[in-house]
*Asks:* 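Just dropping this structure here.
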Amino acid sequence: MRWQVNQTVPATWLVYCRPGFEADAAAELAHRAEQVGYSGTMHQGDGWVSLELPEGEPVNVLHREVPFDSLVFARQSLVALPALMLSREDRLTPIIEQVVKSGWSFEEVWHETPDTNEGKSLSRLIKALTRPLESTLKKRGALRRKAGGRRLHLFWLDGDCVQLGMTFPGNRSELLGGIRRLRFPSRAPSRSTLKLEEAWHEFVPRDEWDLRLGDHMQAADLGAAPGGWTWQLVQRGMYVYAIDNGPMEKSLMASGQVEHLREDGFTWEPPRRLDWLVCDIVDKPVRVLAMVERWLIRRWCREAVFNLKLPMKKRWEEVTRCLTHLESSMASAGVRAKIQCRQLYHDREEVTVHVRLLE
């Protein structure tokens, strides 16, 4: 029997997102829900967006039909219950009562907050509540050892308001708050290096790194200077064509793995087929997309990671337009590929796209 929300309880599709991108996440949720025949009432706050379905609508089905890894602006995707307003005298009882009424069972409990300064200030409160809450949930039979890998999330909007959500293995982020925090390598030329490292974690399964990110592979970094992304390629043992009119970090050049060509990344062509193309050029998305499409259609690389810098407004519409054009161009050229796109934690006003040619 498939798990589902108690249908007498109004249910919500809740996602976390980068603060400032709530409108874009909301537009994406509305679009994706409409594609599979659902609609509801949209709510949003700092770092989160939710779509509340009419009572009786199966939000767990909607959640399943729109997989987490297909979403661009969402950091986490949950089936959620209505937010609870809490009394400072007794925060635990309303939480326990809502869990029991919902019929939920789960194997672990995560406490999370919006990615804001206000959210971070709740850490002491959360620490104080964690142990007594888990103890009571175990006694009530909700928190148990075998519950299908389900996880209960307590999303603290502030000290007096929390929203309970559920996630499922294979259809969620396995990171707290959906955030992958990476340590900046002190020897890397720029902090942009973290964007490519995070992209690999996001799009390449860890057990495939040695095969797909291995020694002696060849790559091109378009718009490379000063070398943040090239540094990541070199660390994996690759040989890199660094294409940029600007200067590269001297230590990278001393590695013997980098050939710096002072040329235009939009027009440069590789001498042979490469394993990777990476690009973090700051330019209009349509121009970057046209360049990358040329590489992919002509099979100049096997995989590509590139960023699309987004406009200030209607960013979801721009992402949709770009991805639709890319898929159409590849199909028209008879090139089969897996295309993924996500706004990563280390991105800013951009999204990261990964394409792997299927040979």
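The first residue in the sequence is number 1, and the count goes up from there. All figures in this text were calculated on a predicted structure; none of them were measured in a lab.
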*Asks:* Passes side-chain contact (heavy atoms from CB on, under 4.5 Å), Ser135 versus Arg131? Steps please.
*Replies:* CA-CA 6 Å; Ser135 176; Arg131 184 171 294 179; 5.5 Å; no

*Asks:* Please answer: with hydrophobic residues joined when any side-chain heavy atoms are less than 4.5 Å apart, are Phe155 and Leu53 in the same cluster?
*Replies:* no

*Asks:* Consider only side-chain heavy atoms of I, L, V, M, F, W and Y, link residues closer than 4.5 Å, and tell whether Val292 and Leu323 are in one cluster.
*Replies:* yes

*Asks:* Would you say that more than 12 heavy atoms from the other residues, nucleotides or ligands in this model lie under 6.0 Å from the NE2 of His325, or not?
*Replies:* no

*Asks:* Below 4.5 Å, heavy atoms only, C-beta onward: do Asp115 and Arg18 meet side chain to side chain?
*Replies:* no

*Asks:* Tell me whether Arg75 forms a cation-pi arrangement with Tyr345, defined as NZ or CZ under 6.0 Å from the six-membered ring centre and within 45 degrees of its axis.
*Replies:* no

*Asks:* Flag yes if more than 12 heavy atoms outside Asp207 fall under 6.0 Å of its CG atom; otherwise flag no.
*Replies:* yes

*Asks:* Would you check if Glu202 and His354 make a side-chain contact, meaning some heavy-atom pair closer than 4.5 Å?
*Replies:* no

*Asks:* With side chains defined as the heavy atoms from C-beta onward, is the minimum distance between Asp210 and Arg236 less than 4.5 Å?
*Replies:* yes

*Asks:* Mind running side-chain contact (heavy atoms from CB on, under 4.5 Å) on Trp48 and His43 for me, showing each step along the way?
*Replies:* CA-CA 9 Å; Trp48 62 271; His43 305 279; 4.1 Å; yes

*Asks:* Over all heavy atoms of both residues, which pair between Leu62 and Ala33 is shortest? Give the atoms and the distance, please.
*Replies:* CD1-CA, 4.0 Å

*Asks:* First locate atom CE of Met238, then atom CD of Gln257, and finally report the distance between them rounded to the nearest 0.5 Å.
*Replies:* 10.5 Å

*Asks:* Which heavy atom of Thr113 sits nearest to which heavy atom of Lys120, and what is that distance?
*Replies:* OG1-N, 4.1 Å

*Asks:* Think Arg151 forms a cation-pi with Trp110, using NZ or CZ under 6.0 Å from the six-ring centre and within 45 degrees of its axis?
*Replies:* yes

*Asks:* Taking only residues two or more places apart in sequence, or in another chain, which ones meet Asp347 in a side-chain contact (heavy atoms from CB on, under 4.5 Å)?
*Replies:* Lys195, Asn307, Gln343, Leu344, Glu350, Thr352

*Asks:* Under 4.5 Å between any side-chain heavy atoms of Tyr241 and Leu261, yes or no?
*Replies:* yes

*Asks:* Mark yes when over 12 heavy atoms from residues, nucleotides or ligands other than Asp46 sit less than 6.0 Å from its CG; otherwise mark no.
*Replies:* no

*Asks:* Quick check against the 3.5 Å criterion: does Ser102 have a side-chain atom that pairs as donor or acceptor with the backbone of Val99?
*Replies:* yes

*Asks:* So, taking the atom named CG in Leu326 and the one named CD1 in Ile339, what distance separates them when rounded to the nearest 0.5 Å?
*Replies:* 4.0 Å

*Asks:* To the nearest 0.5 Å, how far apart are SG in Cys301 and CG in Asp275?
*Replies:* 9.5 Å

*Asks:* Might you point out which heavy atoms bring Gly228 and Ser192 nearest each other, and give the distance in Å?
*Replies:* CA-OG, 3.9 Å

*Asks:* Among Gln232, Glu198, Gln235, which one satisfies side-chain hydrogen bond (donor to acceptor under 3.5 Å, both in side chains) with Thr193?
*Replies:* Gln232

*Asks:* Treat each ILVMFWY residue as a node, draw an edge where side-chain heavy atoms are under 4.5 Å apart, and state whether Val36 and Met42 are in one component.
*Replies:* yes

*Asks:* Just verifying a value: how many Å separate Ser70 OG and Glu65 CD, rounded to the nearest 0.5 Å?
*Replies:* 11.5 Å

*Asks:* So, is the end of the Arg342 side chain (NZ or CZ) under 6.0 Å from the ring centre of Phe68 and within 45° of the ring's axis?
*Replies:* yes

*Asks:* Treat each ILVMFWY residue as a node, draw an edge where side-chain heavy atoms are under 4.5 Å apart, and state whether Leu222 and Met217 are in one component.
*Replies:* no

*Asks:* Do Phe203 and Pro205 come within less than 4.5 Å of each other through their side chains, counting heavy atoms only?
*Replies:* no

*Asks:* Is a side-chain N or O of His260 found less than 3.5 angstrom from the main chain of Gly246, in a donor-acceptor match?
*Replies:* yes

*Asks:* Which pair of non-hydrogen atoms, one from Glu249 and one from Pro189, has the smallest distance, and what is that distance?
*Replies:* CB-CG, 3.7 Å

*Asks:* Are the side chains of Arg172 and Gln76 in touch, meaning some heavy atoms are under 4.5 Å apart?
*Replies:* yes

*Asks:* Given the rule in the side-chain contact (heavy atoms from CB on, under 4.5 Å) test, do Phe73 and Val319 qualify, once you have shown the distances and angles that lead to the verdict?
*Replies:* CA-CA 10 Å; Phe73 291 106; Val319 170; 4.1 Å; yes

*Asks:* Can you tell me how far OH of Tyr16 sits from CG of Leu78, rounded to the nearest 0.5 angstrom?
*Replies:* 4.5 Å

*Asks:* Check whether Glu22 reaches the backbone of Gly20 with its side chain - one donor and one acceptor, N or O, closer than 3.5 Å.
*Replies:* yes

*Asks:* Minimum heavy-atom separation for Met248 and Ala242, please, with both atom names.
*Replies:* CE-CB, 3.7 Å

*Asks:* Using side-chain heavy atoms (C-beta onward) and a distance below 4.5 Å, is Val240 in contact with Trp229?
*Replies:* no

*Asks:* Take Arg91 and Asp160 through the test salt bridge (Lys or Arg N to Asp or Glu O under 4.0 Å) and record every step on the way to the result.
*Replies:* CA-CA 8 Å; Arg91 291 184 170 93; Asp160 302 325; 3.4 Å; yes

*Asks:* Looking just at side-chain N and O atoms, do Glu52 and Thr41 make a donor-acceptor pair shorter than 3.5 Å?
*Replies:* no

*Asks:* So Trp156 and His111, would you call those rings parallel, tilted or perpendicular, with 30° and 60° as cut-offs?
*Replies:* parallel

*Asks:* Quickly, which of Arg272, Arg273, Glu269 forms a side-chain contact (heavy atoms from CB on, under 4.5 Å) with Trp300? Name it, please.
*Replies:* Glu269

*Asks:* Any salt bridge between Lys309 and Asp280, counting N to O under 4.0 Å?
*Replies:* yes

*Asks:* Output yes when a side-chain donor or acceptor of Ser87 lies under 3.5 Å from a complementary backbone atom of Glu89, and no otherwise.
*Replies:* yes

*Asks:* Are Val72 and Val49 connected, step by step, through hydrophobic side chains (Ile, Leu, Val, Met, Phe, Trp, Tyr) whose heavy atoms are closer than 4.5 Å?
*Replies:* no

*Asks:* Are more than 12 heavy atoms from other residues, nucleotides or ligands located less than 6.0 Å from atom CZ of Arg336?
*Replies:* no

*Asks:* According to salt bridge (charged side-chain N to carboxylate O under 4.0 Å, His left out), who are the partners of Arg315, at least two apart in sequence or on a separate chain?
*Replies:* Asp24, Glu349

*Asks:* Tell me whether the rings of Trp276 and Trp200 are parallel (<30°), tilted (30 to 60°) or perpendicular (>60°).
*Replies:* perpendicular

*Asks:* Locate the shortest heavy-atom distance separating Ala304 from Leu296; write the atom from each residue and the value.
*Replies:* CB-CD2, 4.3 Å

*Asks:* Strictly distance-based, threshold 3.5 Å: is any side-chain N or O of Thr324 a donor or acceptor partner for the main-chain N or O of Arg321?
*Replies:* no

*Asks:* May I ask you to check whether Trp13 and Tyr38 place their ring centers less than 6.0 Å from one another?
*Replies:* no

*Asks:* Measure the shortest side-chain to side-chain distance between Leu84 and Leu164 over non-hydrogen atoms and say whether it is less than 4.5 angstrom.
*Replies:* yes

*Asks:* As a quick check of understanding, evaluate side-chain contact (heavy atoms from CB on, under 4.5 Å) for Arg187 and Trp231, giving each step before the final call.
*Replies:* CA-CA 9 Å; Arg187 292 175 295 130; Trp231 188 88; 4.1 Å; yes

*Asks:* Measuring from atom CD of Glu108 to atom OG1 of Thr167, what distance do you get when rounded to the nearest 0.5 angstrom?
*Replies:* 7.5 Å

